[in-house]
Amino acid sequence: MISGGRLGVWALAALLVLLGSSAAWGAEPGKAVIVLPENATVQRAELLLGEIAEISGPAELVEQLAQISAGTSPQPGSSRNLTRGHIEVRLRHGGVDPRLVEFQGADSVRVFRVLPSAPEGTIQQEDGIPVYEVVVAARDLQRGEIIALSDLAVEEREPRGGRLDTRSPRDFVGLRTTRTILAGTPLSDLNVETVPLVERGDAVTLLVRTGNVVVTAQGIARQSGGLGDLIEVENALSKQKVLGEIIDANTVEVNVKEAGTP
């Protein structure tokens with residue numbers, strides 16, 4: 001149960017958000033319309049809004065919306081779910097007032113990532129076996145190292161024992177090794193990870209924003225994650241657990257429409 005004072009504050013914030021959402025519906029001049037499909041397929045490591053939704057409206061606003069990042073793509077062969085609330089948060093981060101946007105279509109979009117049938121950098125050998133350019137360690141890397149561009153090299157490899165990771169060297173810069181990687185070993189999700197911006201157990205500020213109203217509370221991260229990741233957090237007073245998006249090393253923004261009041 002949430003204490004009476006805390007309940008009143010969070011309930012007010014939730015109500016304001018819900019009212020703001022309802023007022024946004026209905027076609028109005030100057031607004032853009034974002035139509036979310038139930039499923040979308042991408043190939044990039046970054047999710048651009050223009051690649052996962054149909055956008056119409058004023059040309060300048062449409063162009064700005066299309067380039068807004070909706071977060072990191074799932075790994076090839078997997079998927080992630082993006083809700084309208086998550087996208088609204090990303091709009092604010094991209095400098096767009098969500099009130100200038102009307103959502104239509106599905107309430108959320110399931111995004112699948114696939115590799116191109118013939119990835120850039122693929123070389124066809126004389127015997128017909130494709131050879132891919134893959135990123136490998138240029139030197140021995142110890143567990144826990146943060147990868148720099150100088151730590152990497154590109155080599156040609158045949159796909160043996162599974163699908164090769166065909167990301168570019170810059171896609172691995174800033175990632176952290178999860179084990180010792182010997183020189184010449186291909187990099188993949190088996191031996192590197194994103195450096196968590198927030199670690200499990202960290203004290204964070206829970207934030208709910210609606211228009212000019214911002215409500216905060218103290219919380220504890222129950223999962224680790226990077227910038228833009230959705231993680232489970234716990235209200236330090238009420239002990240209620242909700243999902244929120246990491247917006248910096250100390251703050252998690254909670255979408256009350258999706259998670260309920262913390």
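Start at 1 with the first residue, then count along the sequence.
- By the neighbour-count criterion of 12 heavy atoms within 6.0 Å, atom CZ of Arg92 is densely surrounded, having more than that number from other residues, nucleotides or ligands.
- Partners of Gln223 according to the side-chain hydrogen bond (donor to acceptor under 3.5 Å, both in side chains) rule, which considers only residues two or more places apart in sequence or in another chain, do not exist here.
- Listed by chain and number, the residues in a salt bridge (charged side-chain N to carboxylate O under 4.0 Å, His left out) with Glu63 amount to none (sequence neighbours excluded).
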Would you tabulate the side-chain donor-acceptor contacts of residues 135-151 under 3.5 Å, counting partners in other chains and residues two or more places apart, or write 'none'?
residue: Arg139; atom: NE; partner: Asp151; partner atom: OD1; Å: 2.9
residue: Arg139; atom: NH2; partner: Glu145; partner atom: OE1; Å: 2.7
residue: Arg139; atom: NH2; partner: Asp151; partner atom: OD1; Å: 3.1
residue: Asp140; atom: OD1; partner: Ala183; partner atom: N; Å: 2.8
residue: Arg143; atom: NE; partner: Thr178; partner atom: O; Å: 3.4
residue: Glu145; atom: OE2; partner: Gln142; partner atom: N; Å: 2.7
residue: Asp151; atom: OD2; partner: Ala148; partner atom: N; Å: 2.9

Which atom pairs, donor and acceptor, lie under 3.5 Å between side-chain atoms of residues 184-201 and protein residues at least two apart or in another chain?
residue: Thr185; atom: OG1; partner: Leu182; partner atom: O; Å: 2.9
residue: Ser188; atom: OG; partner: Leu190; partner atom: N; Å: 3.1
residue: Asp189; atom: OD1; partner: Arg167; partner atom: NH2; Å: 3.1
residue: Asn191; atom: OD1; partner: Ser188; partner atom: N; Å: 3.0
residue: Asn191; atom: ND2; partner: Pro186; partner atom: O; Å: 3.1
residue: Glu193; atom: OE2; partner: Arg176; partner atom: NE; Å: 3.0
residue: Glu193; atom: OE2; partner: Arg176; partner atom: NH2; Å: 2.8
residue: Glu199; atom: OE1; partner: Ser224; partner atom: OG; Å: 3.4
residue: Arg200; atom: NH1; partner: Arg222; partner atom: O; Å: 2.5

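- Residues passing the side chain to side chain contact (heavy atoms under 4.5 Å, CB included) test with Ile247 are His93, Arg209, Thr251, Glu253, sequence neighbours excluded.
- When hydrophobic clusters are built by joining Ile, Leu, Val, Met, Phe, Trp and Tyr residues whose side-chain heavy atoms come closer than 4.5 Å, directly or via intermediates, Val89 is not grouped with Leu49.
- Across every non-hydrogen atom of Gly50 and Ile55, the tightest pair is CA-CD1, 4.1 Å.
- Leu36 is connected to Val96 through a chain of hydrophobic side-chain contacts under 4.5 Å among Ile, Leu, Val, Met, Phe, Trp and Tyr, so both are in one cluster.
- Counting heavy atoms from C-beta outward, His86 and Glu245 have side chains that approach closer than 4.5 Å.
- The distance from the CD atom of Gln104 to the CZ atom of Arg84 is 8.5 Å, given to the nearest 0.5 Å.
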- Please walk me through it: do Leu82 and Val111 pass side-chain contact (heavy atoms from CB on, under 4.5 Å)? CA-CA 7 Å; Leu82 296 178; Val111 180; 4.1 Å; yes
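- With sequence neighbours excluded, the residues satisfying side-chain hydrogen bond (donor to acceptor under 3.5 Å, both in side chains) with Asp171 are Ser168.
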- Steps toward side-chain contact (heavy atoms from CB on, under 4.5 Å) verdict (Val214, Val208): CA-CA 6 Å; Val214 177; Val208 174; over 6 Å; no
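- Partners of Asn39 under the side chain to side chain contact (heavy atoms under 4.5 Å, CB included) rule, at least two apart in sequence or in another chain, are Arg110, Phe112.
- By the criterion of side-chain heavy atoms lying less than 4.5 angstrom apart, applied directly or through intervening Ile, Leu, Val, Met, Phe, Trp or Tyr residues, Leu207 is not grouped with Ile220; the two fall into different hydrophobic clusters.
- Inter-residue side-chain proximity for Val204 and Asn250 is flagged as unmet; no heavy-atom pair is nearer than 4.5 Å.
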- Message: Would Val215 and Val213 count as a side-chain contact (heavy atoms from CB on, under 4.5 Å) here? Give the steps.
- Response: CA-CA 7 Å; Val215 183; Val213 179; 4.2 Å; yes
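- No single ILVMFWY cluster, assembled from side-chain heavy atoms under 4.5 Å apart, contains both Leu230 and Ile87.
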- Hey, mind stepping through Leu47 and Val42 against side-chain contact (heavy atoms from CB on, under 4.5 Å) and telling me if it holds? CA-CA 8 Å; Leu47 290 175; Val42 299; 3.8 Å; yes
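- The shortest distance between side-chain heavy atoms of Glu234 and Lys239 falls below 4.5 Å.
- Interatomic distance, Thr205 OG1 to Asp248 CG, rounded to the nearest 0.5 Å: 8.5 Å.
- Considering every non-hydrogen atom in both Val35 and Pro37, the closest pair reads O-CD, 3.6 Å.
- Taken to the nearest 0.5 Å, the CD1 atom of Ile231 stands 12.5 Å off from the NZ atom of Lys241.
- Clustering ILVMFWY residues whenever any of their side-chain heavy atoms sit less than 4.5 angstrom apart, transitively, puts Leu48 in a cluster other than the one holding Leu91.
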Pairs of donor and acceptor atoms involving the side chains of residues 66-73, under 3.5 Å and at least two apart or interchain, shall be tabulated with distances.
residue: Ser69; atom: OG; partner: Glu46; partner atom: OE2; Å: 3.0
residue: Ser69; atom: OG; partner: Gly71; partner atom: N; Å: 3.2
residue: Ser73; atom: OG; partner: Arg44; partner atom: O; Å: 2.7
residue: Ser73; atom: OG; partner: Ala45; partner atom: O; Å: 3.4

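- If you take CG on Leu206 and CD on Gln218, they are separated by 7.5 Å, rounding to the nearest 0.5 Å.
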